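Here is the structure we will look at, set down as structure tokens.
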Amino acid sequence: MPELPEVETTRRGIEPHIVNQTVVDIVVRQRQLRWPIPRALQALKGAVVKAVQRRGKYLLLRSDTGTAILHLGMSGSLRIATAGDELRKHDHVDFLLGSGVILRFHDPRRFGAVLWTTRDPHRHKLLASLGPEPLCDHFDGGHLFAQSRHRTLAVKNFIMDGKVVVGVGNIYASEALYLAAIRPTASSCKISRARYNTLANTIRGVLGDAIEAGGTTLRDFVNPQGNPGYFLQSLYVYGRTGEPCRRCETPIKHSVIGQRGSFFCPRCQSARY
DNA sequence: CCGGACTCCTGGGTGC
DNA sequence: TGCACCCAGGAGTCCG
């Protein structure tokens, strides 16, 4: 579910409730997520959360004693709850705050993660080799061009590689390629610098617009206050198999690239180079 | 090093 | 209504 816009929407939703709050207790009901939740996470108890940051799709709860690293996987979510709220199935972790608010981690598929580090989180194994943030940094077409010269994989898989650029998941990869008029199966090393400039712009544009819309709600994504995102109605190709292209009315095609569903307009996305 | 397959897990949708 | 089956937004790991 959560790609970068949904994670950023989550970050913005929890930040005002979390920052400068003392973590008074941490309740772990299900330790077996993607990796077991480390016992050392309890070191956050008694500490004040100084900042809620995002790196790619990872959320960082920073404190003086260390940093909790959270990942929502495919089905994870964070909710702002209070003690009276009924516990749902798959509510795996509660962070109880001094204000009485509870930050509640929910994840049916358990592909998510809750980790802990006392070191610089950006040097953590999972974060150390991540590529640039698409919405800032030095992310541009030149970067994509340079990174792709010796890569033969499909451009869709290339832009979904977190070492190339973070945060581009299956939905927004299809959308950005549509807006850049590039066929998703095109070999990444054969695409021109000019077209990568366009692609970098459409990646930034689609992610930025999705954040402004509060993310995409396909099935069950809700922000920490329980509200859905409104970007679904803005999608051009994702999930629109057989429906008319919004530009040329050609039916949208579906295919599987790298084990993941991909969507494109066979007419608008004819560029392979 | 690279690319592709596989894997973790549960739930929703579909078709019989 | 029940049930078997298929599919899913991520991404680390393994193998060739």
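Here the structure is a predicted model, which means the values were calculated and not measured. Keep in mind that the numbers below use all heavy atoms, side chains included, and drop hydrogens, waters and symmetry copies. Just so it is clear: chains get the letters A, B, ... in the order the sequence lines come, proteins before strands, and each one is counted from 1.
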5'-to-3' dot-bracket of DNA chain B (Watson-Crick, G-U; under 3.5 angstrom; crossing pairs as [ ]; | other strand): .|||||||.|||||||
Between A:R29 and A:D94, does at least one N-O distance fall below 4.0 Å, as a salt bridge requires?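 Yes, A:R29 and A:D94 are salt-bridged.
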Report all interatomic pairs (protein N or O, nucleotide N or O of nucleotides 6-9 of chain B) with separations under 3.5 Å.
residue	atom	partner	partner atom	Å
B:dC9	O4'	A:R109	O	3.3
B:dC9	O3'	A:R110	NH2	3.2
B:dC9	O2	A:R109	NE	3.0

What is the distance, rounded to the nearest whole Å, between atom [atom1] of [X] and atom [atom2] of [N]?
{"X": "A:R88", "N": "B:dT10", "atom1": "CZ", "atom2": "P", "result": "17 Å"}
{"X": "A:L153", "N": "B:dC1", "atom1": "CG", "atom2": "P", "result": "16 Å"}
{"X": "A:W35", "N": "C:dA11", "atom1": "CH2", "atom2": "C1'", "result": "8 Å"}
{"X": "A:L126", "N": "C:dG10", "atom1": "CG", "atom2": "P", "result": "16 Å"}
{"X": "A:H254", "N": "C:dC6", "atom1": "NE2", "atom2": "C1'", "result": "12 Å"}
{"X": "A:I69", "N": "C:dG10", "atom1": "CD1", "atom2": "C1'", "result": "16 Å"}
{"X": "A:I159", "N": "C:dG9", "atom1": "CD1", "atom2": "C1'", "result": "15 Å"}
{"X": "A:D107", "N": "C:dA8", "atom1": "CG", "atom2": "P", "result": "18 Å"}

So, [X] and [Y]: side-chain donor and acceptor under 3.5 Å apart, yes or no?
{"X": "A:T9", "Y": "A:N223", "answer": "no"}
{"X": "A:H92", "Y": "A:D107", "answer": "no"}
{"X": "A:S262", "Y": "A:K156", "answer": "yes"}
{"X": "A:R110", "Y": "A:Q32", "answer": "no"}

Anything under 30° is parallel, anything over 60° is perpendicular, the rest tilted; go ahead and classify A:Y178 against A:Y236.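 The arrangement is parallel - the two ring planes meet at less than 30°.
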Taking B:dC9 as the reference, what is the distance to C:dC3 when you measure between their P atoms (whole Å, please)?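 It works out to 24 Å between them.
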Can you sort out the partners of A:H17 under side-chain contact (heavy atoms from CB on, under 4.5 Å), two or more places apart, ordered by chain and number?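 Applying side-chain contact (heavy atoms from CB on, under 4.5 Å) to A:H17 gives A:I80, A:V101, A:Q225.
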Do A:I69 and A:L60 have side-chain heavy atoms sitting under 4.5 Å apart?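 They are in contact (side-chain heavy atoms under 4.5 Å apart), so the answer is yes.
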Between A:V256 and A:K57, which has a closest nucleotide on DNA chain C that is more 5'?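 Nearer the 5' end of the strand: A:V256.
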OP1 or OP2 of [N] less than 4.0 angstrom from a side-chain nitrogen or oxygen of [X], does that happen here?
{"X": "A:Y238", "N": "C:dA8", "result": "no"}
{"X": "A:K89", "N": "B:dT10", "result": "no"}
{"X": "A:K163", "N": "B:dC1", "result": "no"}
{"X": "A:H71", "N": "C:dA11", "result": "yes"}
{"X": "A:T152", "N": "B:dG3", "result": "yes"}

Reckon A:Y58 touches a base, only the sugar-phosphate, or nothing at all at heavy-atom distances under 4.0 Å?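 Answer is sugar-phosphate: A:Y58 comes under 4.0 Å of backbone atoms only.
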Hey, what do you get for CD1 (A:I102) to CG (A:L78), rounding to the nearest 0.5 Å?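 A:I102 CD1 to A:L78 CG: 13.0 Å, rounded to 0.5 Å.
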Check this for me: A:R149, atom CZ, are more than 12 non-hydrogen atoms of other residues, nucleotides or ligands nearer than 6.0 Å?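 Count over threshold, so yes.
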